[in-house]
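First comes the structure, then the notes that go with it.
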Amino acid sequence: MSEVPAPIAQVSATVLANRRVGAYHQITLDAAEIAVAARPGQFVALAVGGSTSSLLLRRSFSIHRTRPETDGSVEIVVADAGPGTHWITALAPQAQVDMLGPLGRGFPLPASPGAAVLIGGGYGSAPMLWLADVLRGNGIEVHHILGAATADRLFGVDLVAPEDGLIVTTDDGSQGQRGRVTDPLTELLHRTGAATIYACGPMPMLAAVTGVAQAHGATAYVAVEEAMACGIGVCMTCVLPVRGGDGITRMTRSCTDGPIFEGGSVRWEAIANGRVAVPSDALGAPAGTR
Amino acid sequence: MTGVDLTADLGRGVLLPNPVLTASGCAANGKELHRVRDIAELGAFVTKSVKREPQSGRGTPRMAETPSGMLNSIGLQGPGIDAFVTHDLPWLAAVGARAVVSIAGASSQEFAEVAQALVQAPDIAAVAAIEVNISCPNVANRGLVFACDPGSSSEVLRLVAAQVPESIPLFAKLSPDVTDIVSIAAAALEGGAHGLTMINTLLGMHIDIDARRPHLFGGTGGLSGPAIRPVAVRAIWQVHAAMLAGRIPRAPIIGVGGVRTGLDALELTLAGASAVQVGTAIFNDPSAPWRVAHELASWLQSHGVNRYRDLVGAAHES
């Protein structure tokens with residue numbers, strides 16, 4: 001009972017800007033209360049369509065940038081992937097949107113100094129540039145790998161600081177190296193001696209990054225993209241099987257306990273084809289779990 | 001709200017300062033929502049249904065968005081009653097919340113054991129009422145739900161009532177997925193319920209067209225949200241009408257189903273609810289329970305209604 005979690009702000013945020021960036025929309029929102037409190041890796045949850053909307057579930061987005069010192073803004077990167085995100089990407093400047101934040105736990109700092117590798121798959125790179133600033137401020141050498149299926153689905157290549165390392169990969173070779181983000185990772189770990197990896201992107205990518213990290217004795221912190229309905233820990237829909245410090249696997253909420261997990265704690269073998277099974281040894285697993 | 005008496009009467013001497021509660025399974029066990037607003041300001045806080053043992057719940061996907069609603073298939077994920085009374089209930093007591101504890105079980109005996117462990121808790125004074133979840137469609141039991149059978153409903157309430165002191169009212173939470181909800185209400189009251197919570201979710205399903213399979217990991221799920229509000233109004237109306245006609249004993253009804261605004265809460269009240277729960281609307285707006293209470297009070301004030309209780313079932317009078 002000693003732990004008192006920080007309050008969550010619910011604000012009616014004004015849209016300051018909405019810019020098309022490749023396949024995505026970069027949306028700037030006026031939300032000073034959230035901007036001052038947020039840390040890299042945390043996210044916001046937006047309500048869709050106003051107070052009488054028939055789309056009830058919130059859409060969650062990792063925070064790309066905050067500007068607490070200037071205009072109090074919070075920036076997110078959104079892919080138009082359905083009716084909810086379609087409404088959000090169509091928001092015009094001066095429009096209002098109900099926003100909750102900051103939510104979840106941010107990225108932890110590396111346990112040891114030296115270099116870190118930051119990996120963003122698609123718009124999973126959104127929080128990585130802000131994280132890079134924080135790491136650099138803590139004396140950490142930053143190396144980015146930004147990857148996507150195609151060049152237009154990359155985000156942030158032109159935003160990487162000149163002093164950071166940068167490798168770009170695309171599945172079709174339309175920009176950077178042809179292949180996956182994990183292809184150059186082994187060589188990069190060897191070359192930089194990095195012991196910490198940060199990654200955000202699709203689940204198969206995070207599983208693969210975790211595998212490479214484990215093979216090199218490195219720690220991977222992964223930001224998961226699980227479907228969330230509320231963003232604040234009450235709906236229990238965004239769970240993943242995660243092994244705790246006590247060795248026990250629990251169905252763990254990505255929103256309140258994540259969205260950052262140590263990659264080695266996630267039971268990746270239970271996750272496949274957009275479905276997550278309950279491992280039979282998870283706490284309270286039903287008998288005969290599939 | 002000045003000048004308006006919002007007191008809600010749950011019976012057995014239990015009065016709530018206002019009639020707006022959270023709905024079970026839509027607000028976890030309080031700590032999360034307390035980061036948004038003070039849950040002690042609510043009429044009461046209804047906890048997630050707790051079973052005897054820890055429950056992992058189901059795999060994912062666990063939810064699907066539907067028009068003005070959603071399907072959920074969580075599988076009653078929870079800590080089990082021992083951890084609940086050790087960790088969750090003391091926290092609720094410490095912040096001054098009035099708790100309505102929702103209990104569940106796979107057998108009538110399990111319901112009774114959960115109730116027994118609960119009433120022995122050191123913080124039992126924080127428990128305003130117990131809600132007996134006999135209707136959760138997520139509890140896989142060959143598709144059978146207690147609340148779909150009068151005999152099973154009565155049996156669960158009888159075994160739970162035997163464990164619980166008279167001062168704590170028992171509310172049976174009913175399923176709308178029945179042919180005649182009045183007969184289930186009668187059975188629950190006959191078994192020992194002091195009141196009824198209506199309604200739980202409706203069983204539904206969503207197919208993932210691209211994958212050509214059920215979207216939810218659990219196959220079926222419970223439909224909730226504003227889409228089901230007319231079903232809640234109808235169920236409350238039918239049961240309250242049966243009480244007025246003397247066909248079943250009079251008992252307080254806690255209305256739940258699709259409440260998003262103060263006017264929605266008012267509608268359930270006029271149909272016969274003595275208090276109202278806000279559930280799925282919390283996912284859309286975590287401030288919804290407080291906002292609903294405020295909107296309700298504003299309406300009462302602007303319409304010259306001094307006492308909320310005077311509107312309970314008022315639509316039956318004309």
Side-chain angles (χ1 to χ4, degrees), chain A residues 1 3-10 45 47-49 51-59 82-84 98 100 103 226-241 248-251 253-256 270-271 273-286 289-290, chain B residues 22 25-37 48 51 53-70 72-80 87 90-91 94-95 140 208 210-211 213 215 217 224-227 260-261 280-287 291:
Chain A
M1 244 177 288
E3 183 194 355
V4 180
I8 294 168
Q10 182 175 10
V48 172
S51 62
T52 59
S53 173
S54 70
L55 299 174
L56 298 177
L57 307 184
R58 284 188 179 250
R59 271 58 172 178
D98 188 289
L100 291 168
L103 303 172
E226 266 299 289
M228 297 176 186
C230 72
I232 63 168
V234 294
C235 77
M236 308 299 288
T237 64
C238 64
V239 296
L240 288 174
I248 296 172
T249 295
R250 296 175 179 80
M251 295 305 279
R253 288 169 291 188
S254 311
C255 62
T256 49
I271 305 169
N273 302 321
R275 291 163 95 79
V276 179
V278 179
S280 56
D281 62 335
L283 181 67
T289 301
R290 276 180 283 173
Chain B
T22 55
C26 298
N29 281 338
K31 288 177 187 169
E32 297 81 359
L33 207 56
H34 199 62
R35 293 176 68 192
V36 178
R37 294 283 293 269
K48 204 165 153 45
K51 297 179 79 176
E53 307 294 337
Q55 304 292 316
S56 69
R58 298 215 171 87
T60 73
R62 288 178 167 188
M63 57 95 172
E65 194 168 41
T66 62
S68 291
M70 69 179 289
N72 87 82
S73 170
I74 309 298
L76 295 186
Q77 179 168 350
H87 300 292
W91 183 86
V95 300
D208 179 335
D210 295 325
R213 67 185 181 198
H215 170 77
F217 189 93
S224 64
R260 191 178 195 175
T261 68
T280 301
I282 292 172
F283 302 160
N284 178 255
D285 173 13
S287 305
R291 177 175 52 74

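Hydrogens, waters and symmetry mates are skipped; everything else that's a heavy atom, side chains included, is used. This structure is a prediction, so every number in the text was calculated from the model and none was measured. In what follows, chains are A, B, ... by sequence order, proteins preceding strands, each numbered from 1.
- With sequence neighbours excluded, the residues satisfying salt bridge (charged side-chain N to carboxylate O under 4.0 Å, His left out) with A/Arg253 are B/Glu32.
- Interface check for chain B: of the options A/Ala282, A/Gly231, A/Gly84, A/Ala229, the most heavy-atom pairs under 4.5 Å are formed by A/Ala229.
- Counting heavy atoms from C-beta outward, B/Met63 and A/Cys230 have side chains that stay 4.5 Å or more apart.
- Residues passing the salt bridge (charged side-chain N to carboxylate O under 4.0 Å, His left out) test with B/Arg35, sequence neighbours excluded: none.
- For chain B, no part of A/Thr249 is nearby; none of its heavy atoms comes within less than 4.5 Å.
- The contact between B/Arg213 and chain A is made entirely by side chain atoms (from C-beta outward), counting heavy-atom distances below 4.5 Å.
- A side-chain contact (heavy atoms from CB on, under 4.5 Å) with B/Ser56 is found for one member of A/Val278, A/Val239, A/Leu283 and no other, namely A/Val278.
- Looking only at heavy-atom pairs under 4.5 Å with chain A, the residue among B/His34, B/Gln55, B/Met70 that has the most is B/Gln55.
- Interface residue B/Glu65: backbone and side-chain heavy atoms are both found under 4.5 Å from chain A.
- Contact of B/Arg260 with chain A is made through the side chain alone, with heavy-atom distances under 4.5 Å.
- Proximity to chain A is absent for every atom of B/Asn29, based on heavy atoms less than 4.5 angstrom apart.
- With chain B as partner, the option from A/Ala47, A/Ala227, A/Ser53 having the largest number of non-hydrogen pairs under 4.5 angstrom is A/Ser53.
- Heavy atoms closer than 4.5 Å to chain B are found in the side chain of A/Leu100, but not in its backbone.
- Considering only heavy-atom pairs separated by less than 4.5 Å from chain A, the leading option among B/Pro67, B/Gly69, B/Gly30 is B/Gly69.
- Contact count against chain A (heavy-atom pairs under 4.5 Å) is highest for B/Ser287 among B/Ala281, B/Gly225, B/Ser287.
- B/Gln77 places no side-chain N or O within donor-acceptor distance of the main-chain N or O of A/Met236, the cut-off being under 3.5 Å.
- Taking both residues in full, the closest heavy atoms of A/Pro286 and B/Gly57 are given as CD-O, 4.4 Å, listed atom of the first, atom of the second, then distance.
- Only the side chain of B/Thr280 comes within less than 4.5 Å of a heavy atom in chain A; its backbone stays farther off.
- Residues A/Ile232 and B/Pro286 approach most closely at CD1-CB, 3.7 Å, considering heavy atoms.
- If you take OG on A/Ser51 and CG on B/Asn284, they are separated by 8.5 Å, rounding to the nearest 0.5 Å.
- Ranked by non-hydrogen atom pairs under 4.5 Å with chain B, the options A/Asp98, A/Ile8, A/Leu56 are led by A/Leu56.
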Pair B/Thr60-A/Thr237, side-chain contact (heavy atoms from CB on, under 4.5 Å): steps then yes or no: CA-CA 7 Å; B/Thr60 73; A/Thr237 64; over 6 Å; no
side-chain contact (heavy atoms from CB on, under 4.5 Å) assessment of A/Val276 paired with B/Phe217: CA-CA 8 Å; A/Val276 179; B/Phe217 189 93; over 6 Å; no
